[in-house]
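To start, the structure itself, in structure tokens.
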Amino acid sequence: MTSSAVQYWLMKSEPDTYSIDDLARDRVTAWTGVRNYQARNFMRDQMRVGDWVFFYHSNSTPPGIAGLARVSSAPYADPTQFEKGGDYAEPRATREKPIWVLVDIAFERKFEKLISLDTLRADAALKEMLVLKKGQRLSVQPVEGVHARHLLARVG
DNA sequence: GCCAACGTTGGC
DNA sequence: GCCAACGTTGGC
């Protein structure tokens, strides 16, 4: 990245596991458990402290964007990859050469009303948003500025 | 719980 | 390098 322009992201979490309310309570959290290379690469190579993050509730009723956070750390090794026998253990990883990398995100706000997936789909201005594409299941994905600004104007 | 879509693994 | 089998994601 040579540009210093603000960037926007969307990060998915199952609220039964970790919700926007959990983030509101914790204020900051390490985004552990990402085990997809493309998602990791966004965090490792492209995120910058201060970038905006749309916090998306997946596998919930209804799914949708629950609030806003910001990237609050440089990338670093996901500690859960070193937890031998744990769900997120990565036997190939060493401290010197970690495989999975994450960032911290900080709570910004919870939307008064969750912007449901149906609502997103119904908004013509968001038609090209990645999260709305069929079969799209990346848990960390970029959001175009035009879409991000539209969403932010919408929630006021 | 179902299942389509997608990513990863591993035999060849 | 191909691709079938398998595992996961995530909406419904």
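Any value given below was found using the heavy atoms of this structure, including those in side chains, with hydrogens, waters and symmetry copies removed. Nothing here was measured: the structure is a model prediction, and the numbers come from that model.
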> When the nearest nucleotide of DNA chain B is assigned to A:Q38 and to A:N59 on a heavy-atom basis, which residue is associated with the more 5' position?
Replying inline: A:N59

> Can the positive tip of A:R95 be found less than 6.0 Å from the middle of the six-membered ring of A:F82, inside 45° of the ring normal?
Replying inline: yes

> Passes ring-ring contact (aromatic ring centres under 6.0 Å, His included), A:W9 versus A:Y56? Steps please.
Replying inline: CA-CA 10 Å; A:W9 305 94; A:Y56 182 92; over 10 Å; no

>> Between C1' on B:dC3 and CZ on A:R137, what's the gap in Å once rounded to a whole number?
In response: 12 Å

> Between A:E128 and A:K133, is there a salt bridge with N-O shorter than 4.0 Å?
Replying inline: yes

> Please give, in whole Å, the distance from B:dG7 C1' to A:N41 CG?
Replying inline: 14 Å

> Is there a residue in residues 79-103 of chain A whose heavy atoms reach under 4.0 Å of DNA chain C, and which residues are they?
Replying inline: none

>> Does the plane of the ring in A:W31 sit parallel, tilted or perpendicular to the ring in A:F55? Use 30° and 60° as the thresholds.
In response: perpendicular

> Do the side chain of A:R35 and the base of C:dT8 come within less than 3.5 angstrom through a donor-acceptor pair of N or O atoms?
Replying inline: no

> So A:R154 and A:D123, salt bridge (Lys or Arg N to Asp or Glu O under 4.0 Å) or not? Walk me through it.
Replying inline: CA-CA 11 Å; A:R154 209 182 151 128; A:D123 190 333; 2.9 Å; yes

> Less than 4.0 Å between a side-chain N and a carboxylate O, is that true for A:D22 and A:R25?
Replying inline: yes

> Could you state the CD-P distance from A:Q141 to C:dT9, rounded to the nearest angstrom?
Replying inline: 15 Å

>> If the cut-off is 4.0 Å, is A:Y56 near the phosphate of C:dT9, judged by side-chain N/O to OP1 or OP2?
In response: no

>> Rounding to an integer number of Å, can you tell me how far A:L10 CG sits from C:dG10 C1'?
In response: 13 Å

> Roughly how many Å is it from CG in A:L130 to C1' in B:dC6, rounded to a whole number?
Replying inline: 14 Å

> Can you tell me how far C1' of C:dT9 sits from CG of A:N36, to the nearest Å?
Replying inline: 10 Å

> What is the distance from NZ of A:K12 to C1' of C:dG11, rounded to the nearest Å?
Replying inline: 10 Å

> How close or far is atom P of C:dT9 from atom CG of A:D16, stated in whole angstroms?
Replying inline: 14 Å

> Taking the side chain of A:K134 as its heavy atoms from C-beta onward, which of B:dA4, C:dG11, C:dC12 lies nearest to it?
Replying inline: B:dA4

>> Tell me whether A:Y18 at atom OH has more than 12 heavy atoms from other residues, nucleotides or ligands lying less than 6.0 Å away.
In response: yes

